[in-house]
Amino acid sequence: MSDTSPHVRIVEVGARDGLQNEKTLLPAAVKIALIDRLSSTGLTTIEATSFVSPKWVPQLADAAEVFRGIRKVPGVSYPVLVPNAQGYARAREVGATEVAIFTAASEAFNRKNINASIDESIDRFVPVIEQARSDGVQVRGYVSTVLGCPYQGEVPVREVVRVAKRLYDLGCYEVSLGDTIGVGTPSKARAMLQAVAKEVPMRALAVHFHDTYGQALANILACLEEGVRVVDSAVSGTGGCPYAKGATGNVASEDVVYMLHGMGITTGIDLDLLIATGAWLSAQLHQETASRVTRARTAS
Ligand code: HMG
Ligand code: MG
């Protein structure tokens with residue numbers, strides 16, 4: 001690896017990216033318990049929820065209740081997604097101190113996901129970022145569809161670079177590059193990261209792979225070799241994006257941490273506790289699905 005630094009920060013996105021696309025809606029109390037469990041594993045960044053429109057993503061309609069209910073462990077950051085000023089205001093009302101804004105490198109996807117062109121969405125984020133700066137709130141940025149789009153197919157790397165640089169220049173402390181539908185392969189992931197890293201410092205980049213074709217770990221390895229040191233993943237590999245048909249879950253945090261520790265790279269995470277949390281979440285989803293089926297049968 002070009003950078004021999006043996007530490008990688010995992011950004012745990014399961015409670016947001018994972019649960020936003022599960023058919024089974026978990027009660028707020030279970031989401032709170034999940035985040036509290038994650039907080040005890042040694043993770044330092046745990047994306048908690050999304051203050052998006054509840055009509056668009058009903059799974060996270062309880063964002064305020066969840067954010068209020070979680071234990072805020074000192075030293076752990078709990079970013080939340082905000083799509084616009086309204087989302088930012090809702091997030092601030094419950095005390096969020098880090099937010100994530102999100103746009104894409106594909107026009108077609110951005111329209112489906114947030115009902116705006118790429119440039120419109122970025123224009124919308126400018127006042128949010130300015131407000132955040134004056135509130136002392138950290139802003140993370142996402143660029144989706146960096147290796148392919150479910151609607152337009154190929155996504156030019158120059159668009160990924162343009163959007164990532166724009167978010168960084170506007171003040172995002174970190175830009176996460178999202179393979180939203182998991183179509184990337186290691187050589188493409190490497191080339192995309194190399195191109196972005198010419199314009200945005202590598203230390204400000206993260207990678208975010210969905211695992212549709214089982215390529216995520218290989219893609220992460222290629223990006224680690226290029227020098228990336230922040231990896232997004234979701235405990236037990238839940239989820240996907242509701243506006244990206246066919247997108248499966250994020251790479252599982254347990255698998256990423258297992259690989260990193262096996263390579264002698266530290267994460268600060270207790271892998272056994274993380275695996276136990278993943279198993280606990282799977283049991284909760286299973287139990288909730290079973291009760292939903294029982295309720296539907298009783299009602300019919
Ligand atoms: P819109 O319909 O164009 O919004 O949606 P609008 O401004 O016209 O408002 C319409 C209604 O929504 C109004 O309510 C607003 O008040 C309300 P009404 O008058 O009809 O009752 N509204 C809101 N309510 C609560 N919170 C808000 C909010 N904003 C407006 N923040 C909007 C535009 C952006 C709101 C919508 O498209 C949306 O919420 N989209 C979110 C989609 C989403 O969450 N996708 C998944 C996350 S992205 C992802 O997963 C990718 C990522 O993981 C990286 C990767 O994998 O690549 C990050
Ligand atoms: Mg995602």
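Side chains are part of it too, since the values below use all heavy atoms of this structure and drop only hydrogens, waters and symmetry mates. Just follow the structure's listing: the first ligand is 1, and inside any ligand the first atom is 1. For reference, positions follow the sequence shown, starting with 1.
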For [X], the ligand 1 atoms whose distance to one of its heavy atoms is below 4.0 Å:
X      : result
Gly87  : 31 (N)
Gln20  : 46 (C), 47 (C), 49 (C), 50 (O)
Pro83  : 31 (N), 34 (C)
Gly178 : 57 (O)
His210 : 56 (O)
Lys55  : 18 (P), 20 (O), 21 (O)
Asp17  : 50 (O), 53 (O)
Phe102 : 47 (C), 48 (S)

Practice task
Using side chain to side chain contact (heavy atoms under 4.5 Å, CB included) as the criterion, point out the one residue from Ile118, Val175, Asn110 that pairs with Val163.
Solution key: Ile118
Handout entry: Geometric cation-pi criterion Lys31 and Phe67, 6.0 Å radius, 45° cone
Key =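 Judged by the rule (NZ or CZ under 6.0 Å from the ring centre, within 45° of its axis), Lys31 is not positioned above Phe67.
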Using 4.0 Å as the upper bound for N to carboxylate O, is an ion pair formed by [Y] and [X]?
X      : Y      : answer
Arg111 : Glu120 : yes
Glu98  : Arg140 : no
Asp119 : Arg162 : yes

Report the part of [X] (side chain from C-beta onward, or backbone N, CA, C, O) that has a heavy atom under 4.0 Å from ligand 1; answer both or neither where that applies.
X      : answer
Ser144 : both
Arg16  : side chain
Val57  : side chain

If I apply the N/O under 3.5 Å rule, does [X] come out as touching ligand 1?
X      : value
Pro54  : no
Asp179 : no
Ser50  : no
Asn115 : yes
Arg124 : no
Phe51  : yes

So which heavy atom on [X] is nearest to which on [Y], and how close?
X      : Y      : answer
Pro27  : Asp62  : C-OD2, 4.5 Å
Glu174 : Ala206 : OE2-CB, 4.0 Å
Val73  : Ser39  : CG2-CB, 3.7 Å
Ala164 : Leu177 : CB-CD2, 4.2 Å

Problem - Polar side-chain atom of Ser50 near backbone of Val52 as donor-acceptor pair, under 3.5 Å - result: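 Not a single qualifying donor-acceptor pair exists.
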Practice task
Taking Thr212 for its side chain and Val183 for its backbone only, find out whether a donor-acceptor pair lies under 3.5 Å.
Solution key: no
Handout entry: Asp17 OD2 and His208 NE2 subtending at the Mg ion (ligand 2) (10° steps)
Key =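 Centred on the Mg ion (ligand 2), the NE2/OD2 angle is 90° (to 10°).
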Exercise for the section: Kindly compute the distance separating CG (Leu224) from CZ (Arg190), expressed to the nearest 0.5 Å. Expected result: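 Rounded to the nearest 0.5 Å, the CG-CZ separation comes to 10.0 Å.
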Exercise for the section: List the steps and the verdict of side chain to side chain contact (heavy atoms under 4.5 Å, CB included) for Tyr78 and Lys72. Expected result: CA-CA 8 Å; Tyr78 299 92; Lys72 315 289 185 316; 4.2 Å; yes
Handout entry: Shortest-distance N/O/S atom, His210 versus the Mg ion (ligand 2)
Key =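 Among the N, O or S atoms of His210, the one closest to the Mg ion (ligand 2) is NE2.
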Problem - Options Arg140, Gln86, Arg90, ranked by nearest heavy atom to atom 26 (N) of ligand 1, top entry - result: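 It is Arg90 whose heavy atom sits nearest to atom 26 (N) of ligand 1.
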Exercise for the section: Only heavy atoms count here, so choose which of Thr103, Asn110, Ile101, Asn113 is nearest to atom 40 (N) of ligand 1. Expected result: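 Result: the heavy atom closest to atom 40 (N) of ligand 1 is in Asn113.
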